[in-house]
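This chain uses plain numbering: 1 for the first residue, then up along the sequence. Ligands are counted one by one from 1 in listed order, and the atoms in each one are counted from 1 as well. Quick caveat, the model's predicted, so the values are computed rather than measured.
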Amino acid sequence: MTPYLSVTVPVYNEELNLRPLMDRLYPVLQRMGRPFEIIFTDDGSRDRSLEILKGMAGQYPEVKVIEFNGNFGQHMALLAAFEESRGEIVITIDADLQNPPEEIPKLVAEVEKGHDVVGSIRQKRQDTFFRRTASLTVNMVTRKMTGMQLSDYGCMLRAYHRNVVNNINRCQESSTFIPALAQTFAASPGEVPVAHAERAEGESKYSLYRLVRLNFDLMTGFSVVPLQLFALMGILTSLFSVGFAIFLMVRRFIVGAEVEGVFTLFAILFFFMGITIFGIGIVGEYVGRIYQEVRKRPRYVVRRIHGQAD
Ligand code: UDP
Ligand code: MG
């Protein structure tokens, strides 16, 4: 029987969370009374996650487990699950119980109302102050740069209609950010508030470095505004420097030769040097991504799929 609902879960070293997740997720889906499937992607876990997942695939006919060859990241794990999914509605949810499975019916109801992408806004978000502030800034900058109206980019408890998932599956980009990608295909996006909990067990899989990388994916993957800003800044700086040169020339005639202000000059110079290096870095981000794309290496490697298809 083709499932109506596909729930996709990326898993990276979540051995302690998987059982509790399943104990809450499964009854919620059963109560909805429609055929469903749960697709876990084991993103190269080095703990017992895969073993536990394989056990579940044997125990529940609705469970499928995609075993990755290594760690390819949360978004690749979800994309692989999207390719496997068959449901009319596809849900993404984290494995660490930060997104309560009990909110899924709310998302499904919203899709059934006619929204093809349903995002969620975390109420009373349970993350560190640093993460919340960082997210707030990223959400704001992203909204400005991409022109997309998404309140909470980071929340991965989301629902997508089959049409949108099919379009996502057609994209072959090697680095991506699923909520933003989906938003570009959404004809009628919706949003609902959802509860948010602290991570049940284990630690966040995102170090500061990985978070920064992820946000570069988001900025450069969906907008060229950073490049345009630098072009604009270049024009403004040139205009300003022409004005300044004229000012200095006139001053030279009035005041005569001066050598003071050498250190001020250094400060100004370093400032502009910083901006220049930053600009080169931004260009590099785009060039690097273009390089990644043209190499056309596989985005992820699936070793095996357990359950259902076996
Ligand atoms: N995850 C993954 N691969 C990774 C990093 C994370 O599959 O390389 C999964 C992780 O197991 C979890 C979800 O993505 O189910 C969100 O990760 P995490 O909770 O660490 O992120 P945070 O909530 O701190 O943003
Ligand atoms: Mg989490």
Next on the checklist: Within the 4.0 Å heavy-atom shell around Gly73, which atoms of ligand 1 are there?
Outcome noted: 3 (N), 8 (O)

Item to check | Pair His196-Gln123, side-chain donor/acceptor within less than 3.5 Å | outcome: no

Checklist entry - Does Tyr160 have its ring centroid less than 6.0 Å away from the ring centroid of Phe185? => result no

Next on the checklist: My understanding is that only one of Val118, Asp116, Val90, Val117 makes a side chain to side chain contact (heavy atoms under 4.5 Å, CB included) with Val111; could you say which?
Outcome noted: Val118

Next on the checklist: Salt bridge check, Arg213 against Asp217: does any charged N sit closer than 4.0 Å to a carboxylate O?
Outcome noted: no

Next on the checklist: One residue to check: Val11. Relative to ligand 1, which of side chain, backbone, both or neither has a non-hydrogen atom less than 4.0 Å away?
Outcome noted: backbone

Item to check | Closest approach of any protein heavy atom to atom 24 (O) of ligand 1, naming residue and atom | outcome: Ser204 OG, 2.6 Å

Next on the checklist: Is the contact between Glu14 and ligand 1 made by the side chain, the backbone, both, or neither, using heavy atoms and a 4.0 Å cut-off?
Outcome noted: side chain

Checklist entry - Do Tyr26 and Phe36 have their ring centres less than 6.0 Å from each other? => result yes

Item to check | Charged N-O contact under 4.0 Å between Glu201 and Arg19 | outcome: no

Checklist entry - Looking at Asp43, which atoms of ligand 1 are within less than 4.0 Å of one of its heavy atoms? => result 2 (C), 3 (N), 4 (C), 7 (O), 8 (O)

Item to check | Lys/Arg N to Asp/Glu carboxylate O, Lys54 vs Glu51, below 4.0 Å | outcome: no

Next on the checklist: Need the ligand 1 atom indices (1-based, order shown) with element for anything under 4.0 Å from a heavy-atom of Arg199.
Outcome noted: 18 (P), 19 (O), 20 (O)

Next on the checklist: With salt bridge (Lys or Arg N to Asp or Glu O under 4.0 Å) as the criterion, how do Glu103 and Lys106 come out once you've worked through the C-alpha distance, each side chain's angles and the decisive distance to 0.1 Å?
Outcome noted: CA-CA 5 Å; Glu103 301 279 16; Lys106 218 194 281 180; 3.0 Å; yes

Item to check | Donor on one side chain, acceptor on other, Asp47 and Ser49, under 3.5 Å | outcome: yes

Next on the checklist: One residue to check: Asn71. Relative to ligand 1, which of side chain, backbone, both or neither has a non-hydrogen atom less than 4.0 Å away?
Outcome noted: side chain

Checklist entry - Any nitrogen or oxygen of Ala77, main chain or side chain, under 3.5 Å from a nitrogen or oxygen of ligand 1? => result no

Checklist outcome for this item: If you scan protein heavy atoms around atom 9 (C) of ligand 1, the nearest is Pro10 O, 3.8 Å

Item to check | Contact atoms of ligand 1, heavy-atom distance to Asp96 under 4.0 Å | outcome: 19 (O), 23 (O)

Item to check | Residues Asp127, Arg132: salt bridge by 4.0 Å N-O rule | outcome: no

Checklist entry - Any chain of hydrophobic side-chain contacts (each under 4.5 Å) joining Leu29 to Val194? => result yes

Checklist entry - Tell me: protein heavy atom nearest atom 20 (O) of ligand 1, and distance? => result Lys205 N, 2.5 Å

Item to check | Contacts of the Mg ion (ligand 2) with protein N/O/S atoms, counting only those under 2.8 Å | outcome: Asp96 OD2, Gln98 OE1

Item to check | For ligand 1, the portion of Arg210 having any non-hydrogen atom under 4.0 Å away | outcome: side chain

Checklist entry - Taking atom types as modelled and ignoring hydrogens, do the side chains of Ser120 and Arg158 form a donor-acceptor contact shorter than 3.5 angstrom? => result no

Checklist outcome for this item: re atom 17 (O) of ligand 1, the protein heavy-atom contact at minimum distance is Tyr206 CE1, 4.0 Å

Item to check | Atom indices of ligand 1, in the order listed, that fall short of 4.0 Å to a heavy atom of Asp94 | outcome: 13 (C), 15 (O), 16 (C)

Checklist entry - Would Arg131 count as a contact of ligand 1 if the rule is a heavy atom under 4.0 Å away? => result yes

Checklist outcome for this item: Checking heavy atoms under 4.0 Å, the part of Gln98 that sits near ligand 1 is side chain

Checklist entry - Mind checking whether Glu203 has an N or O less than 3.5 Å away from an N or O of ligand 1? => result no

Next on the checklist: Taking Arg199 first and then Glu203, would you say they form a salt bridge - that is, a charged N and a carboxylate O separated by under 4.0 Å?
Outcome noted: no

Checklist entry - Between Glu88 and Arg162, is there a salt bridge with N-O shorter than 4.0 Å? => result no

